[in-house]
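A, B, ... follow the sequence lines: proteins, then strands. Residue 1 opens every chain.
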Amino acid sequence: MKVRTRFAPSPTGYMHIGNLRTALYAWLFAKKNKGDFILRIEDTDRNRLVDNACDIIYNTLRDTGLSYSEGPDVGGDYGPYIQSERKSIYGKYAKILVEKGAAYYCFCTKERLDALREEAAKEGKVFKYDKHCLKLSKEEVQAKLDAGEEYVIRQNIPLEGESSYFDNVYGEIKVPMSDMEDNILLKSDGWPTYNMANVIDDHLMEITHVIRGIEYLSSTPKYNLLYDALGWERPSYVHLPPVMKDKTKKLSKRNGDASYEDLINKGYLKEAIINYIALLGWNPGGEREIFSLEELAEVFSLEGLSKSSAIFDIEKLTWMNGEYIRALSKEDFITRASRFTDWGTDDPVKIEKIAGLIQPRIETLTQIDEKIAFLREMAAFDAELYSNKKNKTTPENSIPLIESAIEALSDIPEEGFVNDNLYQALIDVAEKNEVKNGKVLWPVRIAITGLSVTPGGATEIAELLGRKETLKRLEASLDNLKRFVSED
RNA sequence: GGCUCCUUGGUCAAGUGGUCAAGACACCGCCCUCUCACGGCGGUUACAGGAGUUCGAAUCUCCUAGGAGUCACCA
């Protein structure tokens, strides 16, 4: 049988990391097995509709490469793929379930239910519906229906025994019938609840492997009872542990935790995000950590899935993002980075030079601007920076060396103002003055940037700045230094 | 609280009766080096606790503790 998996989110207007990971695993499993991956939107809660929420889902899946062969916006042979367009289907099966005795009409009012709940709470017991309406005769039910009384349809769970199934991650799961409630399958507004809709749709869409969050682990036995009642084959189950913010809290929108979109806006690459979350709760075996989506699909297997929850570690994602950034071709890097910076210039040659210096030194695309800000304008003068014990430099002894450097660099013409020439010139200055290279290079770099840490060495930056600007900054810093020393 | 499930370093994790308990991120140190980053080398840190079973337990059993999920006309 052909493997078919699905991602079935409810449109909440937010794609959090845990959700994306669930979709990823379902996609990977389908691809690994040459099967189909489909998208279904679960929007049966008519009170919680969010505008454009579906677009976020479509765009995220498309953007990350988790393509679906069937879905609301792409069609397919098992549609519609939006539950709100499948209303009549659920009604039909609800009635069949009633006929088979696996479900029943319930006319209990909210008041009666609330009273029951209150009573249970008072006695310190867990509220459980008392199957009150199950006692109604066929005629009584029909009479109420004819009278137009409001109703719901509840699942009729046996009072005794237990229901069990095998979960591919957690193994054998057994739940006593007595712990399950006669859940509502069809609401009074005529819409189904998840309890019924997921079963009907997964069967009708011929889903072979249900891959979803662990929140359904303990209610799955109830769903299985429905499959059994309808005479349908149960799917294979894969329940996934949650992705956590910390030891006790789940990653969530409410906590303001990063969504996929947030991470993209923070300068993370989609490939890195996918790679990282694939490894968050799944281990490919071996020591390799960097995988493309295609490579993941080749090695994915259910055995590597973890049972325990995993804490989302932005530090590791950041490291991995750096790996991905460094692996980008220069062209690709510039294209992607340009969404986050204007490079401070329109000159493509200069942009390429800047990119060459920046690419190996950043871990997120948002770090570029801060790293190249000094190109636009030199940082404020700080004499302290000229003191460097390793290179034995001080504000005082930097002055003559910078003067020599200015002299040497002035001799280099505009067209020869490139790294190799500049480096050689400054090395010569050091040699002439009988000092170590660093003793010249350090103050020069400080003098043209005003920063202790820069993305590149003195001569690389000088090339970027150009002859005119380099000399101008050198002179300005020299003036500042002289003023500082004389005042001291 | 009932039920279901989980528990190896700060984090992700390998490990399925015999290992000096892998690896990665982070952190620290050293090297490389025109600062930083990259890269290279090295280091600190873990089997939640307690009973068993066994010649031998991270691995099997039980108990305790901690944590998660669930107990809606939400999914």
With a 4.0 Å cut-off on heavy atoms, is A:Thr44 in touch with a base, just the backbone sugar-phosphate, or nothing at all?
sugar-phosphate
Write down the distance between CG (A:Asp179) and P (B:G2), rounded to a whole number of angstrom.
11 Å
Please confirm whether the shortest side-chain N or O distance from A:Ser452 to OP1 or OP2 of B:C36 is below 4.0 Å.
no
Atom CG of A:Leu185 to atom P of B:A75: distance rounded to whole Å?
12 Å
Just to be sure I understand the rule, does A:Glu323 reach a base, reach only the sugar-phosphate, or reach nothing, if contact means heavy atoms closer than 4.0 Å?
sugar-phosphate
Using a cut-off of less than 4.0 Å, is there contact between a side-chain N or O of A:Lys249 and OP1 or OP2 of B:A68?
no
For A:Tyr237, the option from A:Thr220, A:Asp167, A:Asn224 that meets side chain to side chain donor-acceptor pair (under 3.5 Å)
A:Asn224
Determine the interatomic distance between P on B:G39 and the same-named atom on B:C47; round to the nearest Å.
31 Å
Tell me whether the guanidinium CZ or amine NZ of A:Arg117 lies under 6.0 angstrom from the six-membered ring centre of A:Phe127 and within 45° of its axis.
yes
Is a donor-acceptor contact shorter than 3.5 angstrom present between the side chain of A:Ser188 and the base of B:C73?
yes
Atom NZ of A:Lys390 and atom P of B:U33 are separated, to the nearest Å, by 9 Å
Less than 4.5 Å apart, any side-chain heavy atom of A:Leu422 and any of A:Leu409?
yes
Side chain of A:Ser306 only, heavy atoms from C-beta on: which candidate in B:A26, B:A68, B:A13 is closest?
B:A13
Any base atoms under 4.0 Å from A:Gly456, or only sugar-phosphate, or nothing? Heavy atoms, all strands.
base
Need the pair for B:A48. Rule: Watson-Crick or G-U wobble, both distances under 3.5 Å, any strand; none if unpaired.
B:U64
Which whole number of Å gives the distance between the P atom of B:C25 and that of B:C41?
12 Å
Closest nucleotide among B:C34, B:C5, B:C36 to the A:Thr459 side chain:
B:C34
Nucleotide B:G69, atom P - distance to CZ of A:Arg212 in whole Å
17 Å
Show your reasoning for whether salt bridge (charged side-chain N to carboxylate O under 4.0 Å, His left out) applies to A:Lys122 and A:Glu118.
CA-CA 6 Å; A:Lys122 217 177 288 174; A:Glu118 210 171 298; 5.0 Å; no
For B:U16, the nucleotide meeting Watson-Crick or G-U wobble distances (both under 3.5 Å) is none
Mate of B:C32 across any strand shown (Watson-Crick or G-U wobble, both atom pairs under 3.5 Å) is none
With sugar-phosphate meaning primed atoms plus P, OP1 and OP2, does A:Ser10 contact a base, only sugar-phosphate, or nothing at under 4.0 Å between heavy atoms?
sugar-phosphate
Pick the C1' atom in B:G49 and in B:U7, then give their distance to the nearest Å.
12 Å
Once you apply a heavy-atom cut-off of 4.0 Å, does A:Tyr276 come out as touching a base, just sugar-phosphate, or nothing?
nothing
Identify which nucleotide among B:A75, B:A24, B:C12 has an atom closest to any side-chain atom of A:Glu289, counting heavy atoms from C-beta outward.
B:A24
Of A:Tyr170 and A:Arg154, the one whose closest RNA chain B nucleotide lies more 5'
A:Tyr170
Hey, does the side chain of A:Tyr423 come within less than 4.0 Å of B:C34's phosphate (OP1/OP2), counting only N and O?
yes
Does the plane of the ring in A:Tyr58 sit parallel, tilted or perpendicular to the ring in A:Tyr68? Use 30° and 60° as the thresholds.
tilted
Side chain of A:Glu215: nearest nucleotide among B:U7, B:C74, B:U70?
B:U70
Return the nucleotide paired to B:G69: Watson-Crick means purine N1 to pyrimidine N3 with N6-O4 or O6-N4, wobble means G-U with N1-O2 and O6-N3, both under 3.5 Å.
B:C3
Less than 4.0 angstrom between a side-chain N/O of A:Lys245 and OP1 or OP2 of B:U11, yes or no?
no
Selection from B:C3, B:G67, B:C74 that lies nearest to any side-chain heavy atom of A:Pro176:
B:C3
Does B:U70 have OP1 or OP2 under 4.0 Å away from a side-chain N or O of A:Lys222?
no
What integer distance in Å separates A:Asn388:CG from B:C34:C1'?
11 Å
Which of the following nucleotides, B:C34, B:A68, B:C25, is nearest to the side chain of A:Glu315?
B:C25
Salt-bridge test for A:Asp201 and A:Arg40: reply yes if a basic N is under 4.0 Å from a carboxylate O, no otherwise.
yes
For A:Asp43, report the nucleic acid contact type (base, sugar-phosphate, nothing); a contact means any heavy atom under 4.0 Å.
nothing
Sticking with atom C1', work out how far B:A65 lies from B:U19, rounded to a whole angstrom.
29 Å
Can you tell me which nucleotide in B:A26, B:U35, B:C74 comes closest to the side chain of A:Asp45?
B:C74
Taking the side chain of A:Ile173 as its heavy atoms from C-beta onward, which of B:G69, B:A22, B:C5 lies nearest to it?
B:C5
When the C1' atoms of B:G2 and B:C12 are compared, how many Å lie between them, rounded to an integer?
34 Å
Taking the C1' atom in each of B:U8 and B:A13, what is the distance between them to the nearest angstrom?
9 Å
Do A:Ser404 and A:Lys432 have side-chain heavy atoms sitting under 4.5 Å apart?
no
Of the candidate nucleotides B:U35, B:C74, B:A68, which contains the atom at the shortest distance from the side chain of A:Arg445?
B:U35
Candidate nucleotides B:C3, B:U70, B:A14, ranked by approach to the side chain of A:Asn283 - the nearest
B:A14
Now, which nucleotide makes the Watson-Crick or G-U wobble pair with B:U59, with each of the two distances under 3.5 Å?
none
How many whole angstroms separate atom CE of A:Met180 from atom P of B:G69?
21 Å
What does A:Ile184 touch in the nucleic acid at a heavy-atom separation under 4.0 angstrom: a base, only the sugar-phosphate, or nothing?
base
Paired with A:Arg6, the side-chain contact (heavy atoms from CB on, under 4.5 Å) test is passed by just one of A:His209, A:Met205, A:Arg212, namely A:Arg212
Could you tell me how far apart A:Tyr324 (OH) and B:A37 (C1') are, to the nearest whole angstrom?
21 Å
Does B:C27 pair with anything, Watson-Crick or G-U wobble, both distances under 3.5 Å, and if so, with which nucleotide?
B:G43
Geometric cation-pi criterion A:Arg154 and A:Tyr129, 6.0 Å radius, 45° cone:
yes
Atom CZ of A:Arg361 to atom P of B:C38: distance rounded to whole Å?
10 Å
If you assign A:Thr109 and A:Leu279 each to the RNA chain B nucleotide with the nearest heavy atom, which residue ends up on the more 5' nucleotide?
A:Leu279
Does the side chain of A:Lys316 get closer than 4.0 angstrom to OP1 or OP2 of B:C12 through an N or O atom?
no
